[in-house]
Every structure is written in structure tokens, then in C-alpha cells.
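Take a look at the structure set out below.
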Amino acid sequence: MKFKKVVAFATVMAMTMAMVACGSSTSTSSSSEAVVEEDTTAASTTEETTEAEAATEETTDDTTLVSGKVSMSGSTSMEKYVSALIETYAEINPNITVTAEYVGSGAGIEQVIAGSVDIGNSSRNLKDAEMESGAVENIVAIDGIAVVVDPANTVEDLSQEDLIAIYTGEITNWSELGGSDTPIVVIGREAGSGTRGAFEELLGIEDACAYASELDSTGAVIATVAATEGAIGYASLDSLNDTVVALKLDGVEATEENIVAGEYFLCRPFVMATNGEISEQSEAVQAWFDFVYSDEGKAVAVAVGLITVD
């Protein structure tokens with residue numbers, strides 16, 4: 001009888017222990033499932049937060065772009081270059097509106113000194129008087145000046161001395177230079193032109209030229225030379241087209257490579273003058289210069305045939 005009671009007690013204890021173990025297992029399983037669910041929820045929340053932060057950053061990148069306006073005026077020789085810069089920059093920062101007028105280097109510098117524009121574009125170095133008035137010379141590229149004739153002209157090369165003699169009126173017929181018996185028609189730019197200023201200064205013939213015509217733009221010079229027998233003119237290297245022929249000077253062709261090598265003597269700077277240092281200008285103007293001197297800006301200069309500066 002006692003033996004049966006012991007067995008019964010042992011059986012009850014075994015069942016109790018089993019139930020406890022089973023309950024513990026169920027509890028552990030539930031806890032694990034809760035942890036997994038919690039981790040999944042946390043991961044989901046983290047992912048949503050990351051996406052929200054990314055969206056915020058994207059919005060911030062756009063809205064934090066500098067905004068404003070930049071006005072320029074000046075050199076007609078820089079029109080092709082400046083227009084290309086403006087077009088490219090509009091894609092990089094649409095928040096800044098950049099405008100330009102092409103009225104000649106001298107007029108552009110006068111306007112920036114007077115404060116009527118932000119930047120005065122000049123296709124020559126600034127004069128001492130201009131810098132004394134507050135204009136700062138910011139060189140943005142280097143350009144060559146090509147000497148051009150009409151396609152029928154048989155002369156291909158001029159020495160520096162020949163070019164000086166032509167523009168000062170000492171040589172008046174192409175036959176004197178091995179060409180046909182055709183009068184030389186000397187074409188130049190108007191007073192105040194950066195191209196004219198640079199051309200005359202480089203040759204040392206300021207105020208000594210015997211012009212038949214003085215035209216107000218690079219395009220007008222090229223068109224007139226192309227249509228006039230015996231004509232000769234000068235124009236920005238990046239403005240050349242196949243309607244005229246660029247002469248060699250001292251046996252050297254007017255190319256970027258020859259300018260970089262220092263072998264072609266007719267070259268000049270492209271300047272974006274400011275009234276005071278760039279750091280003193282508006283944020284919009286400073287952002288514009290950041291672009292002009294950037295890799296993207298330099299690529300534009302190269303694309304239009306100019307030489308970049310550091």
C-alpha cells in the first residue's frame with residue numbers, strides 16, 4: 001500500500017515537472033517571436049527614417065543653391081564664350097539669372113565702375129586709370145587674335161613688320177607682299193573695342209592706324225572682310241569661320257597650341273572686371289565666378305577655342 005502511494009506521488013511530480021517545462025518552452029517561444037517582431041519594426045522604422053532624410057537632403061541641395069541675378073556688359077569678342085557660359089550655368093544653378101550685353105570693352109568697364117552692372121567684360125587688360133577707379137582685373141581665359149583676309153587673297157604669311165606697315169598705311173597694295181595687284185582695304189574695330197586696343201598695343205601702333213572702315217563688332221569685321229576684295233582685318237580666334245582665311249604671322253599659324261607654346265604673338269586676355277575684389281561682390285556674383293573657374297567652366301572655354309587659366 002505504501003509502495004502504491006509512492007508511485008502515485010512520483011507520477012504526479014513527473015507530470016507537474018513536464019507541465020512546468022512545457023509552459024517555460026511556450027513562454028520562451030513567445031518572447032522570441034516578440035523580439036523578432038520588435039526588430040522587424042525597428043528595421044522598418046529605420047528604413048523609413050533614412051528615406052525621409054534622403055528626401056530632405058535632396059530638397060536641401062536644391063533650395064540651398066545661391067539665388068539672385070548677375071548682370072554683365074562689355075566685349076563683343078567675348079559674346080560666344082559668355083553665351084556658352086550662361087547656357088551651361090543655367091543647368092547647374094537655375095536659381096541665378098545671368099544676363100549680358102555686348103557693347104564693347106571700354107563701355108563695359110565704364111558701366112561696372114559706375115555700378116550699373118556687376119561685371120564688365122573686357123577683351124584686353126585693364127588700363128591703370130580703370131584700376132585706379134576701382135575696377136579689378138579678373139582674367140578668365142586667353143584668346144588669340146587672328147589676322148584675316150578674303151578667300152581670294154593669295155598671300156598666306158605676314159611678318160610682324162609687314163602687318164605694322166599695312167595698318168599704318170606704309171604698304172597699300174598686296175603686290176608689295178607677293179600677292180595680286182590689289183589695293184589693301186584696312187578693316188578694324190571702333191575706338192573702345194578691346195580687340196582693337198589689344199591689337200594696336202601688341203603691335204605698338206596705338207593711334208597710328210590708317211583704317212578704311214571701323215566696325216562695331218567682331219561679326220561685322222568678318223562679314224566685311226569676307227565680302228571685300230583685298231580686305232584685311234583682325235578678329236577673335238574663337239570667332240573664325242570658313243568665310244575668311246587666317247594668315248600665318250612670322251610663319252606661325254593662329255592656333256591654341258601655338259599660343260600656349262608662346263610662338264604666336266597676337267594673343268590677349270579675356271577679363272571679367274568687378275568693382276572691387278570678387279570676395280566683396282554679392283553671393284550670386286561670387287557663385288558665378290566659382291563656376292567660371294571650375295572644371296565645368298573651363299570646359300566651356302576649351303569648347304569655344306579659348307585657353308584656360310588657373
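In this view, Y89 and W288, F291 satisfy the ring-ring contact (aromatic ring centres under 6.0 Å, His included) rule, not counting sequence neighbours.
Looking at every heavy atom in both residues, K127 comes nearest to E130 through N-OE1, 2.8 Å. For the residue pair S123 and M78, the shortest heavy atom distance occurs at N-SD, 4.2 Å. Closest non-hydrogen pair, A246 versus L240, comes out as CB-CD1, 4.0 Å.
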Practice task
For T228 and D150, run side chain to side chain contact (heavy atoms under 4.5 Å, CB included): C-alpha distance rounded to whole Å, both residues' side-chain angles, the deciding distance at 0.1 Å, then the answer.
Solution key: CA-CA 7 Å; T228 306; D150 67 283; over 6 Å; no
Problem - Derivation and outcome, side chain to side chain donor-acceptor pair (under 3.5 Å), residues N125 and E137 - result: CA-CA 7 Å; N125 290 106; E137 182 179 274; 3.3 Å; yes
Exercise for the section: Show the numbers, then the answer: is there a side chain to side chain donor-acceptor pair (under 3.5 Å) between T76 and R189? Expected result: CA-CA 11 Å; T76 63; R189 289 292 305 280; 3.0 Å; yes
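Checking R124 against S75 by side-chain atom types alone, no donor-acceptor pair falls below 3.5 Å. Checked by atom type, the side-chain pair T274/N138 shows a donor-acceptor distance below 3.5 Å. With hydrogens and angles left out, the side-chain atoms of T255 and E253 include no donor and acceptor closer than 3.5 Å. A donor-acceptor pair shorter than 3.5 Å cannot be found between the side chains of S239 and T218.
Checking V309, I139, L126 one by one against P269, the side-chain contact (heavy atoms from CB on, under 4.5 Å) holds for a single residue, I139. With respect to I171, the side-chain contact (heavy atoms from CB on, under 4.5 Å) criterion is satisfied by exactly one of L158, L163, L177: L177. Here the options are E206, E190, E214, the test is salt bridge (charged side-chain N to carboxylate O under 4.0 Å, His left out), and the partner is R196; only E214 passes. Only one option out of T154, D181, I184 pairs with W174 in a side-chain contact (heavy atoms from CB on, under 4.5 Å); it is I184.
Ring planes of Y234 and Y167: tilted class, angle from 30 to 60°.
Atoms OG and CZ, from S236 and F270 in turn, are 4.0 Å apart once rounded to the nearest 0.5 Å. L237 contributes atom CG, which lies 12.5 Å from atom CD1 of I142 (distance to the nearest 0.5 angstrom). Separation of atoms CG (L65) and CG (N93) is listed at 4.5 Å; rounding is to 0.5 Å. L203 CG to C209 SG: the interatomic distance, rounded to the nearest 0.5 Å, is 8.0 Å.
By the 6.0 Å contact criterion, CD on E201 is open, its count of non-hydrogen atoms from other residues, nucleotides or ligands being 12 or less. Atom CD of E87 is surrounded by 12 or fewer heavy atoms from other residues, nucleotides or ligands within 6.0 Å.
At least one side-chain heavy atom of N173 sits under 4.5 Å from a side-chain heavy atom of E176.
Using a 4.0 Å cut-off between a side-chain N of Lys or Arg and a carboxylate O of Asp or Glu, K80 and D143 do not qualify as a salt bridge.
No donor-acceptor pair closer than 3.5 Å links the side chain of E229 to the backbone N or O of A152. Judged by distance alone, with hydrogens and angles left aside, the side-chain atoms of D250 form a donor-acceptor pair with the main-chain N or O of Q160 at under 3.5 Å.
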